[in-house]
Amino acid sequence: MHQIRTALCLAALLIAAFAFPAQAKRADAGYFTAEMPAGWKMESENSSVGFYAPRNGGCLNVFIWTAEGLTRESAKKEAAERANGSAVKPLGAGYIYADGSGGRAWVVTDKDFFCEFATDKPIKNLAAFMATFKADDTPGVKRFLAEANKPEVLAWLSFESDAMAGGPAAEKNGAGKQDADDESFVDTGDFSVTKPKDWLFRMEEGVAAFRAPEDAHSIMVFVTKHENAKLDAIIKEQAGEGTEVRKLPGGRSYIYEDASGARVWGMLAKDGQFCEITVDSRFGGTAAFLASMKPGDGAPGMKEIISAAGSPETAAWLDFAPAGKAAAPAKEKKDGAKAPAAKASRTFKGNGLTAEVPAGWSTKIEKNMVTFMADDSSAGLLASVMQLSSDNHKNFVEFSKKSAKTLGGTKIRAAEGMVEFSTKDATGVFSQYGKKALLLMFFGNSAKQQDLAASVVPD
C-alpha cells in the first residue's frame, strides 16, 4: 500500500517539475491562417503556399490570386491547361484533374479570385489539418475554404476516392454538368453538417436522418437536452436492457452496437446537452461527415460534443474499424433485485475540476493537480487540467502523446478520442474537453476509484 502512495507522490512531482510540450501554433498564409501540426513546415512563394508534412509525408499546395471577370468556365479552362492533356471533371464548385506525376488538384473560381488545392500523395489527417484553415475577411476566400472542406473534395485530395474514374463524386446531371448547388449543406438548428452527395435528409420523429440513395447507408443524429440526468440512466434508455455498452474514459461518452449491428456513439455534455450518432453500415465517408459538423448558436453543449465526435478514434468506430470488446455498464441484477445504493460521497471543486470523492478518500491540492487517495492506500487517482491552444483534436492528440512521454509513459496510443499510456506504477489517460485536456493517472485499482474517475470533469 505504501508503494502506491509513494508512486503517486512521484508522479505529482513529475507533473509539477516538467514543462509540457509546446502546442501547435497558427501560421499566416496570407489570405488565411492554418494551425500547424508538430513537425510541419510552411513555405510561401508569390501566390503559392506549401504545407509540408514531416518525414516526406506529402505536400499540400494552395494557390490563390486575383483576376477579373472569372466564371466557373474559367476554372474549367485553367484546370485543363494545368492538366496538360489529362482528363478534367467537375467536382463540387470546381474541377479536378490528376497531374502527370500522380498528384491531384482541385480548381475553383469566383468573379475576382482563382484558387487551386493540390496534393502530391496521400497525407495523413489532411481533413483535420484543412479544418483548421481560417479565412480573412475576403468573401471569395471564405467560400473557397468552405468548398474545399466538403467531403467529396477532401476525399479526392486525400486519395480516398477515384472521382476521375466516374465514382459517385464525379457523377453528372442530365445537362452534362455537376450541379454546384446540390443543397448538401444542412442546418438543423442544433448543428450544421455537409451531407454526402446525393444523400437525402429529413427529420424523423426528432432525429436528423441522413440516408444514401435506396437506403444503402444511413446516419442518424439524435439531439436533446437533459436536466439533472445521469449518463447511466441515459444509456439504459438509449441502448436498452442487455446491450453491452462501453463507457469511455472521462465518464461522459460511450459506444455500443445495437441489435441490428449498427454502431452507436453518444455523449452527455456538461450543460446537459445530449447527442447520439448511429451509423448502420460502413461507407467510408463517416470521418468527412463528422469533420463537417458545426455547433448551432442555440446549443452551447454541442461544441463540446462535436469536438469529441470529430476525433479520429470516434470516426474509426462509427466507420466500423475493429474495436475492443465493449464493457457492459452497470445493470440491475437479472433476478430483479435492485443494486445496492452507492455510499455517500462529497463534491470536490478546485484546481479547475470537479469530482465526487468517495467517503474515506483524502484529497490533496498541489500546484496544477489534485491527488485522491483511498483511506487504506490501496488505490489512488491523480487529476490535472491542462490548457490547450485550440479545440482541434489533432492538436490535443499530439500534445497528449508528448506529455505522456514527458511523464515516462510507454505503450502510448490514441483510442476512442483519448490518449492512453502506462508507466511503471500507473496507467494514464488524457481526455479532451474543448480547449482543455484532462489527465487522469490510476494507481492500484478499486471500484471506488473507477467511480471517482468517471465523475472528474474540468470546470
Side-chain angles (χ1 to χ4, degrees), residues 24 26-27 29-37 40 42 49 51 53 58-64 75 90-96 104-110 113-119 122-161 163 168-170 178 180-187 191-197 199 201 210 219 284-296 302-303 306-307 309-312 314-315 319 390-395:
R26 299 201 70 82
Y31 286 108
F32 65 96
T33 61
E35 193 170 279
M36 299 294 290
W40 281 57
M42 184 185 80
V49 180
F51 298 97
C59 174
L60 167 67
N61 277 298
V62 182
F63 305 84
I64 301 177
L91 182 66
Y95 289 85
I96 58 172
R104 294 186 171 191
W106 177 73
V107 178
V108 64
T109 60
D110 71 359
F113 284 90
F114 173 92
C115 180
E116 180 183 71
F117 287 77
T119 52
I123 301 175
K124 186 177 180 181
N125 295 325
L126 177 65
F129 174 55
M130 288 178 56
T132 71
F133 290 5
K134 290 185 179 180
D136 61 11
D137 294 328
T138 307
V141 177
K142 288 184 178 180
R143 173 175 169 265
F144 294 155
L145 297 186
E147 294 289 342
N149 273 285
K150 288 189 173 180
E152 59 268 29
V153 178
L154 288 171
W156 166 252
L157 293 173
S158 300
F159 291 73
E160 294 175 356
S161 73
Q178 186 180 14
D181 300 316
D182 60 359
E183 298 182 351
S184 60
F185 179 79
V186 173
D187 190 342
F191 67 94
S192 61
V193 69
T194 301
K195 65 181 179 66
K197 181 174 172 59
W199 281 43
F201 163 76
F210 302 85
I219 300 175
T286 305
F289 179 91
L290 296 173
S292 74
M293 292 182 74
K294 306 295 180 185
M302 286 301 292
K303 183 176 181 180
I306 288 173
S307 176
S311 72
T314 301
D319 206 26
S390 75
D391 58 5
N392 178 265
H393 185 72
K394 185 176 180 181
N395 176 37

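Keep in mind that what you see is a predicted model, and the values were worked out from it rather than measured.
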Could you pull out the closest heavy-atom pair between [X] and [Y], with the gap in Å?
X: M130; Y: A148; value: CE-O, 3.7 Å
X: E152; Y: G92; value: OE2-CA, 4.2 Å
X: F185; Y: S192; value: CZ-CB, 3.5 Å
X: L126; Y: S158; value: CD2-OG, 3.5 Å
X: I123; Y: A53; value: CG2-CB, 4.4 Å
X: A127; Y: N149; value: O-OD1, 4.3 Å

Determine the interplanar angle of the W40 and F129 rings, folded into 0 to 90°, and report it as parallel if under 30°, tilted if 30 to 60°, perpendicular if over 60°.
tilted
Do V107 and F114 come within less than 4.5 Å of each other through their side chains, counting heavy atoms only?
yes
Report yes if some heavy atom in the side chain of P90 is under 4.5 Å from a heavy atom in the side chain of Y95; otherwise report no.
yes
About how many Å separate [atom2] of [Y] and [atom1] of [X], when rounded to the nearest 0.5 Å?
X: I219; Y: F201; atom1: CD1; atom2: CZ; answer: 12.0 Å
X: L290; Y: H393; atom1: CG; atom2: NE2; answer: 11.5 Å
X: L145; Y: I64; atom1: CG; atom2: CD1; answer: 6.5 Å
X: M293; Y: M302; atom1: CE; atom2: CE; answer: 5.0 Å
X: S292; Y: K195; atom1: OG; atom2: NZ; answer: 11.5 Å
X: F210; Y: T194; atom1: CZ; atom2: OG1; answer: 9.5 Å

Measure from the side-chain N and O atoms of R143 to the backbone N and O of T109, and report whether any donor-acceptor pair falls under 3.5 Å.
yes
Pick out which of F113, F63, F144, F133 makes a ring pair (Phe, Tyr, Trp, His ring centres under 6.0 Å) with Y31.
F113
Quick one: side chain to side chain contact (heavy atoms under 4.5 Å, CB included) partners of [X], sequence neighbours excluded?
X: K124; answer: none
X: A29; answer: F32, M42, V49, F51
X: V153; answer: L91, W106, L157

